[in-house]
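Have a look at the structure below, then the notes.
For clarity, every value in this text was computed on a predicted model and none was experimentally measured. The chains referred to below are lettered A, B, ... by the order of the sequence lines, with proteins before strands, and numbering in each begins at 1.
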Amino acid sequence: GAGVSQTPSNKVTEKGKYVELRCDPISGHTALYWYRQSLGQGPEFLIYFQGTGAADDSGLPNDRFFAVRPEGSVSTLKIQRTERGDSAVYLCASSPPGDSNQPQHFGDGTRLSIL
Amino acid sequence: RKEVEQDPGPFNVPEGATVAFNCTYSNSASQSFFWYRQDCRKEPKLLMSVYSSGNEDGRFTAQLNRASQYISLLIRDSKLSDSATYLCVVTTASGTYKYIFGTGTRLKVLA
């Protein structure tokens with residue numbers, strides 16, 4: 001079946017621009033997560049959605065970062081006034097309803113490069 | 001101190017060798033534990049969940065030691081295709097089930 005889909009695969013933009021990254025989770029998965037992975041590091045948590053609401057946004061680094069999931073399926077991560085330090089791979093994951101033992105399934109990620 | 005710590009490696013081992021990775025975590029209330037595998041420039045993929053009683057999947061064995069707050073992964077009879085980065089993952093007790101990752105341990109299996 002279809003896995004988690006992320007678009008675009010790669011995004012190159014100039015410092016100061018606005019970017020949107022899209023995630024389409026596995027059908028039926030109510031939980032959706034965004035992570036960010038820098039070179040040589042493990043992914044770091046950004047935000048978690050349960051349905052349409054952001055249940056935990058404690059990992060967003062500052063107010064330039066925002067994410068939505070208006071219909072409880074597709075999510076968009078939005079970054080305003082991008083900075084070179086925002087360059088990273090942005091990973092989306094989803095998991096089915098249930099307890100913490102439900103593993104998360106990751107998309108291929110969006111590789112964001114800020115020039 | 002990081003919440004989840006791993007030796008970044010690289011571990012270079014010959015084909016057929018047995019290799020073990022450890023991972024320590026700082027939050028004693030951590031609930032669930034996983035090992036993920038990540039190939040270069042690819043997404044993390046679940047290798048196995050880690051259960052309190054220990055569990056095995058083919059050549060892979062995972063152990064959890066709650067008292068000492070570490071988990072381990074043992075790979076027997078290493079294959080060239082096992083070359084990857086192995087990420088230790090812990091979930092918090094906060095109910096959001098967000099993953100806390102280690103930095104990953106790089107394994108290279110040599111012919």
Open item on the list: Quick one, A/Pro43 and B/Leu87 - any side-chain contact, counting heavy atoms below 4.5 Å?
Closed with: yes
Please tell me whether [X] and [Y] are part of a single hydrophobic cluster in this structure, the criterion being side-chain heavy atoms less than 4.5 Å apart.
{"X": "B/Val4", "Y": "B/Val50", "result": "yes"}
{"X": "A/Tyr90", "Y": "A/Phe45", "result": "no"}
{"X": "A/Val4", "Y": "A/Trp34", "result": "no"}

Tell me whether the count of non-hydrogen atoms from other residues, nucleotides or ligands lying under 6.0 Å of [atom1] in [X] goes above 12.
{"X": "A/Arg69", "atom1": "CZ", "answer": "yes"}
{"X": "A/Phe65", "atom1": "CZ", "answer": "yes"}
{"X": "A/Leu115", "atom1": "CG", "answer": "yes"}
{"X": "B/Glu5", "atom1": "CD", "answer": "yes"}

- [ ] Could you look at B/Phe33 and say if it's the side chain, the backbone, both or neither that has a heavy atom under 4.5 Å from chain A?
- [x]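 B/Phe33 has no heavy atom closer than 4.5 Å to chain A.
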Open item on the list: Is B/Gln6 in contact with chain A via its backbone, its side chain, both, or neither, using a 4.5 Å heavy-atom distance?
Closed with: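 Neither part.
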Open item on the list: Heavy-atom cut-off 4.5 Å, strictly under: side chain, backbone, both or neither for A/Tyr33 against chain B?
Closed with: side chain
Open item on the list: Can you tell me which portion of A/Ser95 sits under 4.5 Å from chain B's heavy atoms? Options are side chain, backbone, both or neither.
Closed with: neither
From [X] [atom1] over to [Y] [atom2], what is the distance, rounded to the nearest 0.5 angstrom?
{"X": "A/Gln37", "Y": "B/Glu43", "atom1": "CD", "atom2": "CD", "answer": "11.0 Å"}
{"X": "B/Tyr99", "Y": "A/Leu91", "atom1": "OH", "atom2": "CG", "answer": "12.5 Å"}
{"X": "B/Arg41", "Y": "A/Asp108", "atom1": "CZ", "atom2": "CG", "answer": "12.0 Å"}

Task: Side-chain (A/Gln104) to main-chain (B/Tyr97) donor-acceptor, under 3.5 angstrom - done: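 Yes; at least one donor-acceptor contact below 3.5 Å.
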